[in-house]
Amino acid sequence: MRRFAAPPGIGPLNKPVVVSEETLTEPVVVSDVAPAAARAAGPAYVVLAGISFSHFLNDTMQSLIASVYPILKDTYALDFAQIGMITLAFQFTASLLQPVVGHYTDKKAQPYSLAIGMASTFFGLLLLSAAHQYLVILVAAALVGLGSAVFHPESARIARLASGGRYGFAQSVFQLGGSFGTSMGPVLAALIVVPFGQGSIAWFSSIAFLAIVVLWRIGRWYAPQIKAKKTAAVQAHPDAPSSRRVAVALAVLVALLFSKQLYVSSLSSYYIFYLIDRFGVSTQAAQIYLFVFLAANAVGAFLGGPLGDRFGRKIVIWISILGALPFTLALPYAGLYASAVLSVIIGLIISSTTSSIIVFAQELVPHRFGMISGVFFGVAFGIGGLGAAVLGKLADHTSIEFVYQVCAYLPAIGLLAVFLPKLPRQTR
């Protein structure tokens, strides 16, 4: 074992991080079972806080795209299908590139790629603030998606390295930053973008610059832990599921995350229009209601990981997906204030599954950690973006209310969790 302290410039770590030789080599492999010494050392809280804060900044900027949809729709006379295409442009870029980035960093980790990728978000925001044509808006959204594609796989790996064996907790801390950042977009849009117009989006490029600085310093902590030599083969646990069961389980997990993400994407992209059309609230008021839903998502995302560490990830997956079904079925028929209450309950329950799904997948295929992270952050979320575009087309031909009546049944896909294998106890 080797024990690493923080290099000058990033500040002292709360506790040292202990990683195995397998973790330090190329490909970068994080084994299922944390060494006893790593568990005793505990998480490196400063690093977790830094990567979570970076996730907060990253997703705050990303959430601005959906939050300014009403402005773009009114200014450029866009229909719902075109709004869905903006979501698709952002999600599709991230979907295509995240697994590619993850596969590459499995072989050769790139600690400073996070800061470089954030530069794409920086330029995407500047372009979006100045865009006056629909095609330019799509390109700007794609640039922000590119930054997301580079950020998520490698930052998730750093969170796991800093976990001290508490993988669910570390993933939840990481997800908390992203979820809270997502919830801040509507508030910032209501306070800044709506009063000052599309050009004010450029002000948020300063957030991207701050994220670049933070990620560069985290890269300095990460870089010494990487060595360019081949790793020894990872020994499978004798009770681990077969490769066929692993493939089935991964497909099920993608389907579960898709159902969750598509429902959240439908609310994130169209909840503002739903509240305006059905209840006649103002754009700013609707953005506050969206913030309430997304804030509940942030809280649920944080709680899901520790609960999975304690009670098992499969149980949390069952409860968080199917448990939201009664409330999603009731939402299309509720009044304004009841809708706000139901959105909080739905957000708390359905978002608690994300950490458990991702860590479950990582434990199924520990020797392809970056690629698995990329698939689940990229493909599953990208499919959600494709679904958002389809839902926009459906809304144009029917109504927003009909879309929510259809989406209410998405959590029923949680029944597929019955096909998930039981993992060896120590991998949880």
Side-chain angles (χ1 to χ4, degrees), residues 66 80-81 83-84 87-88 91-92 95 175 179 182 249-275 278 289-290 293-294 296-298 300-301 304 314 316-334 338-358 360-361 375-420:
F80 286 119
I83 293 293
T87 300
L88 177 60
Q91 297 281 14
F92 191 65
S95 173
Q175 292 293 331
S179 298
T182 299
L250 289 175
V252 168
L253 290 172
V254 168
L256 294 176
L257 190 58
F258 161 74
S259 69
K260 175 262 180 185
Q261 188 60 24
L262 180 56
Y263 187 84
V264 172
S265 181
S266 70
L267 261 70
S268 300
S269 297
Y270 303 113
Y271 192 44
I272 291 175
F273 300 112
Y274 172 75
L275 294 175
R278 183 170 182 188
Y289 281 108
L290 178 59
F293 166 71
L294 295 175
N297 267 269
K314 188 174 180 179
V316 172
I317 291 171
W318 266 107
I319 295 175
S320 59
I321 299 287
L322 279 178
L325 183 59
F327 305 102
T328 60
L329 291 173
L331 181 63
Y333 307 99
S339 295
V341 173
L342 286 172
S343 71
V344 169
I345 297 173
I346 292 168
L348 286 171
I349 296 175
I350 202 168
S351 63
S352 64
T353 191
T354 304
S355 297
S356 291
I357 287 177
I358 292 173
F360 198 106
V375 166
F376 280 84
F377 281 116
V379 173
F381 283 68
I383 293 174
L386 177 61
V390 173
L391 292 176
K393 195 71 174 177
L394 180 62
D396 285 331
H397 286 82
T398 56
S399 68
I400 287 290
E401 291 185 33
F402 179 75
V403 167
Y404 280 103
Q405 291 171 358
V406 172
C407 289
Y409 293 92
L410 284 172
I413 296 177
L415 290 170
L416 291 175
V418 72
F419 296 106
L420 294 177

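This chain uses plain numbering: 1 for the first residue, then up along the sequence.
- With rounding to the nearest 0.5 Å, the separation of OG in Ser356 from CH2 in Trp318 is 14.5 Å.
- Between the side chain of Arg278 and the backbone N or O of Pro332 there is at least one donor-acceptor pair closer than 3.5 Å.
- The CD1 atom of Ile400 sits 9.0 Å away from the CG atom of Leu394 when rounded to the nearest 0.5 Å.
- Contact detail for Ala255 and Leu416: the closest heavy-atom pair is CB-CD1, 3.8 Å.
- Interatomic distance, Tyr274 OH to Ser399 OG, rounded to the nearest 0.5 Å: 9.5 Å.
- Closest non-hydrogen pair, Leu410 versus Tyr263, comes out as CD1-N, 3.8 Å.
- Under the side-chain contact (heavy atoms from CB on, under 4.5 Å) rule, Leu262 has a single partner from Val390, Leu257, Leu391, Ile413, which is Leu391.
- The main-chain N or O of Thr353 is never found under 3.5 Å from a side-chain atom of Lys260 such that the two would form a donor-acceptor pair.
- In this structure, Tyr404 and Tyr271 have perpendicular ring planes: the angle between them is above 60°, well past the 30° mark.
- Contact detail for Val344 and Ala296: the closest heavy-atom pair is O-CB, 3.4 Å.
- To the nearest 0.5 Å, atom SG of residue Cys407 and atom CZ of residue Phe402 are 10.0 Å apart.
- Of all non-hydrogen atoms in Ala417 and Ile317, the two that sit nearest each other are CB-CG2, 4.3 Å.
- Atoms CG and CD1, from Leu256 and Ile357 in turn, are 5.0 Å apart once rounded to the nearest 0.5 Å.
- In this structure, Ile350 and Pro411 approach most closely via the heavy-atom pair CD1-CG, 4.5 Å.
- Of all non-hydrogen atoms in Leu250 and Ala361, the two that sit nearest each other are CD2-CB, 4.0 Å.
- For the atom pair CD (Glu401) and OH (Tyr333), the distance works out to 10.0 Å, reported to the nearest 0.5 Å.
- At distances below 3.5 Å, not a single donor-acceptor pair connects side-chain atoms of Ser352 with backbone N or O atoms of Gly304.
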